[in-house]
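Okay, so here's the structure we're looking at.
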There are 2 protein chains.
Amino acid sequence: MIRLLLADDQALVRGALAALLDLESDLEVVAQVGRGDEVVEAARASGAEVCLLDIEMPGMNGIDAAAAVRRELPGVRSLVVTTFGRPGYVRRAIEAGASGFVVKDTPARQLADAVRRVHAGLRVIDPDLAAESLIDGPSPLTGRERELLTHALDGSPVSAIAARVHLSEGTVRNHLSAAIGKTGAATRSEAARIAQERGWL
Amino acid sequence: MIRLLLADDQALVRGALAALLDLESDLEVVAQVGRGDEVVEAARASGAEVCLLDIEMPGMNGIDAAAAVRRELPGVRSLVVTTFGRPGYVRRAIEAGASGFVVKDTPARQLADAVRRVHAGLRVIDPDLAAESLIDGPSPLTGRERELLTHALDGSPVSAIAARVHLSEGTVRNHLSAAIGKTGAATRSEAARIAQERGWL
DNA sequence: ACCTCCCCGTGACACCTGTCATCCGCCGGC
DNA sequence: GCCGGCGGATGACAGGTGTCACGGGGAGGT
């Protein structure tokens, strides 16, 4: 019997996944949480062996949660399950110590198999995403560029971004100009969108 | 026995919801589709009585699908289930003839109840969203403003938008300026984001 | 020590953008 | 018939934006 922890901020999806996985005779959902920063504690308390982690969660994202599990509970394996198949996510999830990466587009019946493989010590990675992840390569953005792009995501003017991060407008424009060049975009707004799609933020 | 159709583009979520609802003794999932434009046909073929529709779907969105069901199969009721609790969505879903509106944050056990109420002819609407929907009011945007905002969502420069819709740059700027005023934003990019959050697009 | 890379800043320049005034044609309501 | 609202367009203007050149400081590698 494989003991599972589910982490997803959407209660409906979490409950539905629990129903789906509990149908399997060799799987048992022993814990459910809706926040990333509750994963380690719940996994420890419930004695979970495999954690199913969504990326988009309040408190802490699923990738950081996988890293925390890796650090605090070395025997427990993580399987990241997410809506968005962003290549950068795969790389970061694996680097964070996750054993698998599955998108929510995959057929429901394959999920239980993925869980079994991860539990057995194997890696499970969506083949298309793995290829994309290799093609795109790691993020070429510097720390500042990444930070400024996240603030540019909502279309704020440069002046607002500069005030938020306590930098001069000129510096902000220089960093964003570099990011625009690296993403091949024409505006900071487009650059921010592209970087997010690739999982660079 | 209530006959259900599920429409959600994420196969994993769709399968999981099916597992969850099939646990209820008085519910039966008789059809599953991953595209909005397959809903009517599948509902007709399977004899579904209630359709669970996600909004974000390829082919046709869940709100338009609800309208199509209303038109083609008057006896079938629709329950819109979505990730994003955007006030404008509630209004548009109800106007499209949906009998209920539920966000994916709601506890899993309440979903079956919502289905039963909708099947019984009652309306099911998230109370918080209903209130927000009334406060925000309907969209103040004109048709062109809405169209241009959707093209501005990705941060494209005005020149690109103008070329895409075959308008002069000046006209595009005028419409976007009006939209910026109506949304209280400072840039077209921010205006587009705000409009989308409110379900005006 | 030297080089490289990142970070921060300034100044200048061309271009893009948001705003406003003003015009036109069209349609629906009164 | 008149008026208001929408769509489309132009011109002008202030201010925002992207780019480039240049400088300076600090951390890390050889």
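The shown structure was predicted, so the numbers you read here are calculated from the model rather than taken from an experiment. Proteins get letters first, then strands, A, B, ... in listed order; numbering begins at 1 in each.
Atom CD of B/Glu190 and atom P of C/dT17 are 16 Å apart (whole Å). Here C/dC5 presents its P atom at 13 Å from CD of A/Glu145, a figure rounded to the nearest Å. Atom CG of A/Leu148 and atom P of D/dG18 are 12 Å apart (whole Å). Distance CG (B/Leu141) to C1' (D/dG5): 15 Å, rounded to an integer number of Å. Atoms CG (B/Leu176) and C1' (D/dG7) sit 14 Å apart, rounded to a whole Å. Spacing between atom NE2 of B/His166 and atom P of D/dA9 amounts to 12 Å, rounded to whole angstrom units.
Applying the 4.0 Å criterion to OP1 and OP2 of D/dG8, one finds that B/Arg144 has a side-chain N or O inside that range. In this model, the phosphate group of C/dG18 is not approached by any side-chain N or O of B/Thr187 to a distance below 4.0 Å at OP1 or OP2. Distances shown here put a side-chain N or O of A/Thr171 below 4.0 Å from the OP1 or OP2 atom of C/dG9.
Rounding to the nearest 0.5 angstrom, the gap separating the OH atom in A/Tyr89 from the CD atom in A/Glu132 is 14.0 Å. Atoms CG and OG1, on A/Leu149 and A/Thr183 in that order, are 7.0 Å from each other to the nearest 0.5 Å. Of the inter-residue distances, the one linking A/Phe101 atom CZ with A/Ile94 atom CD1 reads 8.0 Å to the nearest 0.5 angstrom. In this structure, OG1 in A/Thr187 is found 8.5 Å from CZ in A/Arg193, a value given to the nearest 0.5 Å.
Around the CZ atom of B/Arg109, the shell of radius 6.0 Å holds no more than 12 heavy atoms that belong to other residues, nucleotides or ligands. Counting non-hydrogen atoms of neighbouring residues, nucleotides and ligands closer than 6.0 angstrom, the CZ atom of A/Arg3 exceeds 12 such neighbours. Surrounding CZ of A/Arg117 are at most 12 heavy atoms belonging to other residues, nucleotides or ligands under 6.0 Å away. Applying the 6.0 Å contact sphere to CZ of B/Arg70 captures no more than 12 heavy atoms from other residues, nucleotides or ligands.
Residue contacts for A/Gly143: at a heavy-atom cut-off of 4.0 Å it reaches the sugar-phosphate backbone alone, with no base atom in range. In this structure, A/Leu167 reaches the sugar-phosphate backbone alone: every heavy-atom distance under 4.0 Å involves primed, P, OP1 or OP2 atoms, never a base. Residue contacts for A/Arg173: at a heavy-atom cut-off of 4.0 Å it reaches a base atom on one of the strands shown.
For B/His175, whose side chain is taken as the heavy atoms from C-beta onward, the closest listed nucleotide among C/dT10, D/dG8, C/dG18 is D/dG8. Here the side chain of A/Ser168 is nearest to one of C/dG9, D/dT19, C/dG18, namely C/dG9. For A/Arg188, the side-chain atoms get nearest to D/dG18 when compared with the rest of D/dC6, C/dG18, D/dG18.
Where B/Glu169 and A/Ser159 each meet DNA chain D at their nearest nucleotide, the meeting point lying more 5' is that of B/Glu169.
Between the side chain of B/His166 and the backbone N or O of B/Ala162, no donor-acceptor pair lies under 3.5 Å.
Rounded to 10 degrees, the angle separating the terminal helix axes of the helix from C/dA1-D/dT30 to C/dC27-D/dG4, each built from five base pairs, is 30°.
With no hydrogens or angles considered, a side-chain donor-acceptor pair links B/Arg164 and B/Ser156 at under 3.5 Å.
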Pull out every protein N or O sitting under 3.5 Å from an N or O of nucleotides 20-25 of chain D, one pair per line with the distance.
residue, atom, partner, partner atom, Å
D/dC20, N4, A/Asn174, OD1, 2.9

